[in-house]
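See below for the structure under consideration.
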Amino acid sequence: MSINELLESIYQQAALQLGRGEVAQYIPALAEVDANQFGITICDIQGNVHSVGDAQTPFSIQSISKVYSLTLAMQNLGNKVWQRVGMEPSGLPFNSLIQLEQEQGLPRNPFINAGALVVADMIESSYATPSLAIKNFVRTLAANPEIQIDSKVAQSEYDHRARNAAAAYLMKSFGNFNNEVEDVLMNYFSTCAIKMSCVDLAKSFSYLANKGQCVFSNKRILPEQQARQINALMATSGLYDEAGKFAFEVGFPGKSGVGGGIIAIVPGVLSICVWSPALNKTGNSYVGIEALKLLSSHIDWSVY
Ligand code: GLU
């Protein structure tokens with residue numbers, strides 16, 4: 001079976017689940033998205049790109065952006081990043097505040113919201129226009145100068161920022177936040193509101209499949225060891241409190257977002273993006289998870 005035939009058959013099987021799950025409601029501008037969209041793109045480290053379904057439709061990348069921000073922070077600060085954020089799974093919902101108080105404002109990992117906000121604070125200190133720096137970075141990675149920030153989604157998130165603001169102010173009270181909270185929040189939301197398609201996302205993550213080097217620009221994005229560290233964090237903390245189940249059932253490092261996208265990496269082989277906006281109870285794309293389960297069972301690749 002060719003890769004395109006495989007993708008088509010996975011698409012047909014997973015699409016039977018369309019209609020299950022619910023589009024994220026807590027960000028009003030995201031709640032308007034048509035739930036029945038579904039796309040898949042696979043990009044191998046030779047640069048071959050294969051897609052099926054709505055793979056060219058841009059959507060809100062949301063928490064997938066946390067990987068780009070972490071990558072830039074690691075480029076700028078190296079190991080110093082880990083003085084302000086941990087590397088352990090939290091086992092709690094992405095926006096939980098419970099551990100943050102108990103652990104004196106040191107977030108468990110960079111992929112829960114508190115951790116991503118500390119990373120956004122690091123980015124804020126490194127760039128004059130942080131959200132533009134990240135947008136330009138992803139444009140280069142995806143080899144697509146058309147990628148944009150959806151300012152309506154960013155504003156909608158800012159208008160409903162209470163919980164993220166609470167996390168940021170709590171960290172500030174513990175001395176783990178250097179910049180103005182409201183500025184960092186706006187840049188964090190703008191980064192989450194970047195719109196990319198499955199094709200853009202799968203291409204932009206080629207560096208994590210390719211030992212830290214971008215397949216499309218040939219640029220070294222991170223040293224090999226740091227790319228491996230990001231994959232490890234994605235494997236342990238990339239899918240909210242469903243990371244263990246995802247490792248068990250799918251077996252790839254992955255990162256999801258409440259826009260319904262999931263990026264997954266088969267190190268040394270390829271990057272995959274699946275997207276369908278309706279989410280399961282843990283906030284991961286319902287159909288996207290089904291598609292990745294089918295894909296991993298067919299191709300028999302697992303990092304484990
Ligand atoms: N911008 C979202 C938030 O902070 C990201 C959530 C996500 O995709 O997990 O609530």
Side-chain angles (χ1 to χ4, degrees), residues 21-33 35 58-70 85 89-97 100 107-121 123-124 130-131 134-135 138 149-171 177 181-196 201 205 233-234 236-243 246 254-264 273-286 288-289:
E22 240 192 277
V23 173
Q25 300 293 326
Y26 77 103
I27 303 172
L30 279 188
E32 295 162 11
V33 172
F59 60 90
S60 196
I61 67 170
Q62 291 297 317
S63 271
I64 298 175
S65 67
K66 292 171 180 169
V67 186
Y68 300 132
S69 305
L70 177 64
V85 60
S90 73
L92 289 169
F94 68 100
N95 55 6
S96 170
L97 300 175
L100 199 56
R108 276 286 172 107
N109 67 68
F111 296 151
I112 52 172
N113 278 14
L117 286 163
V118 163
V119 172
D121 184 51
I123 302 278
E124 191 85 16
S131 54
I134 296 178
K135 184 176 78 175
V138 299
I149 292 170
D150 185 334
S151 48
K152 191 174 155 219
V153 170
Q155 188 60 46
S156 176
E157 290 197 61
Y158 187 75
D159 294 343
H160 296 82
R161 67 189 176 284
R163 213 174 169 84
N164 283 312
Y169 280 110
L170 188 55
M171 290 189 289
F177 214 86
V181 166
E182 300 300 319
D183 295 345
V184 176
L185 285 173
M186 198 59 223
N187 281 314
Y188 165 75
F189 294 135
S190 299
T191 308
C192 290
I194 292 175
K195 288 185 85 175
M196 295 169 76
L201 276 158
F205 274 89
L233 285 168
M234 286 170 63
T236 50
S237 306
L239 275 93
Y240 311 121
D241 42 342
E242 198 178 351
F246 188 75
K255 183 75 203 86
S256 58
V258 294
I262 307 175
I263 189 84
C273 181
V274 293
W275 169 58
S276 190
L279 308 178
N280 64 17
K281 290 207 164 57
T282 31
N284 295 312
S285 170
Y286 197 100
I289 297 262

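One-based numbering, in listed order, for ligands and for the atoms of each.
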- Hey, are Glu242 and Asn280 close enough side-chain-wise for a donor-acceptor pair under 3.5 Å?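 Result is yes, a qualifying pair exists.
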- Item | Nearest atoms (heavy-atom pairs only) where Val23 meets Val33 |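 In this case the closest contact between Val23 and Val33 is CG2-O, 4.0 Å.
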- Query: Taking the side chain from Arg161 and the backbone from Leu185, do they hold a donor-acceptor pair closer than 3.5 Å?
  - Reply: no
- Do the two ring centres, one from Tyr188 and one from Tyr158, sit under 6.0 Å apart? no
- Residue list, side chain to side chain contact (heavy atoms under 4.5 Å, CB included) with Asn109, at least two apart or on another chain: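 Once residues adjacent in sequence are excluded, the partners of Asn109 under the side chain to side chain contact (heavy atoms under 4.5 Å, CB included) criterion are Ser90, Phe111, Ile112, Ser237.
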- Find out whether Ser63 and Lys255 are in side-chain contact, i.e. whether some heavy atom of one side chain is under 4.5 Å from a heavy atom of the other.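 Sidechains of Lys255 and Ser63: in contact.
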Could you list each nitrogen or oxygen of ligand 1 that sits under 3.5 Å from a protein nitrogen or oxygen, with the atom names and the distance?
residue  : atom   : partner : partner atom : Å
ligand 1 : 1 (N)  : Gln62   : OE1          : 2.7
ligand 1 : 1 (N)  : Glu157  : OE1          : 2.4
ligand 1 : 4 (O)  : Asn113  : ND2          : 3.0
ligand 1 : 4 (O)  : Asn164  : ND2          : 3.1
ligand 1 : 4 (O)  : Tyr188  : OH           : 2.8
ligand 1 : 8 (O)  : Ser63   : N            : 3.0
ligand 1 : 8 (O)  : Ser63   : OG           : 2.9
ligand 1 : 8 (O)  : Tyr240  : OH           : 3.2
ligand 1 : 8 (O)  : Val258  : N            : 2.9
ligand 1 : 9 (O)  : Ser63   : OG           : 2.5
ligand 1 : 9 (O)  : Tyr240  : OH           : 2.5
ligand 1 : 10 (O) : Tyr26   : OH           : 2.7
ligand 1 : 10 (O) : Asn113  : ND2          : 3.4

